[in-house]
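Note that the structure is predicted; figures quoted are calculated from it, not measured. Both backbone and side-chain heavy atoms feed into the values below; hydrogens, waters and symmetry mates do not.
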Amino acid sequence: MGFLMGQQAVVRYRGFILLPQNNQTWLVRPERSPMRLLPFRTPTCSLADVKALLDWRLSQEDAEIGVA
């Protein structure tokens with residue numbers, strides 16, 4: 001079972017998958033298509049910060065749709 005060494009938990013949040021990286025950053029990807037946001041990487045931060053960033057990006061997207 002050596003291949004499981006170093007595996008980290010994946011977090012599901014608001015239709016996105018938050019994948020922790022070895023360098024303390026996060027990869028944020030949508031769970032399914034159509035994608036509301038493109039996948040992105042975060043700077044070094046905590047899980048709470050990643051969730052706040054994702055919430056902010058989603059609110060920006062909603063605001064842009066409301067303007068159009």
Side-chain angles (χ1 to χ4, degrees):
M1 291 266 182
F3 65 91
L4 293 178
M5 301 284 292
Q7 290 283 333
Q8 296 183 1
V10 173
V11 178
R12 297 173 81 191
Y13 180 72
R14 298 188 67 188
F16 290 83
I17 298 173
L18 312 178
L19 301 159
Q21 305 296 294
N22 289 336
N23 60 356
Q24 307 302 315
T25 62
W26 294 82
L27 175 60
V28 180
R29 305 178 76 179
E31 283 187 293
R32 63 179 74 106
S33 289
M35 293 187 285
R36 294 179 63 190
L37 289 175
L38 293 174
F40 64 93
R41 292 187 188 274
T42 68
T44 302
C45 60
S46 68
L47 177 59
D49 292 337
V50 175
K51 288 179 177 181
L53 177 61
L54 181 56
D55 289 339
W56 179 79
R57 286 192 175 199
L58 289 171
S59 70
Q60 292 296 318
E61 180 199 55
D62 291 342
E64 290 176 6
I65 291 172
V67 171

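With contacts defined as side-chain heavy-atom distances shorter than 4.5 Å, the pair Leu18/Arg29 does not qualify. With contacts defined as side-chain heavy-atom distances shorter than 4.5 Å, the pair Val28/Tyr13 does not qualify. Side-chain atoms of Phe16 and Arg12, non-hydrogen and from C-beta on, never get closer than 4.5 Å to each other. Side-chain contact check for Leu38 versus Phe40: every heavy-atom pair is 4.5 Å or farther apart.
Applying the salt bridge (Lys or Arg N to Asp or Glu O under 4.0 Å) test to residues at least two apart or on different chains, the pairs with a partner in residues 34-54 are Arg36-Glu61, Arg36-Asp62.
Partners of Arg32 according to the side chain to side chain donor-acceptor pair (under 3.5 Å) rule, which considers only residues two or more places apart in sequence or in another chain, do not exist here. In this structure Thr44 satisfies the side-chain contact (heavy atoms from CB on, under 4.5 Å) test together with Gln24, Thr25, sequence neighbours excluded.
Tracing side-chain contacts under 4.5 Å through hydrophobic residues (I, L, V, M, F, W, Y), one never reaches Leu27 starting from Leu58; they form parts of separate clusters. Residues Leu37 and Leu53 are members of one and the same hydrophobic cluster, defined by side-chain heavy-atom contacts under 4.5 angstrom among Ile, Leu, Val, Met, Phe, Trp and Tyr. Cluster membership check: Met35 does not share its hydrophobic cluster with Trp56, using side-chain heavy-atom separations under 4.5 Å among Ile, Leu, Val, Met, Phe, Trp and Tyr.
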Quiz item: Does the side-chain contact (heavy atoms from CB on, under 4.5 Å) test come out yes or no for Trp26 and Leu54, once each step is laid out?
Solution: CA-CA 11 Å; Trp26 294 82; Leu54 181 56; over 6 Å; no
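Between the CG atom of Asp55 and the CZ atom of Arg14 there is a distance of 4.5 Å, given to the nearest 0.5 Å.
When all heavy atoms of Pro39 and Pro30 are compared, the pair lying nearest together is CG-CD, 4.1 Å.
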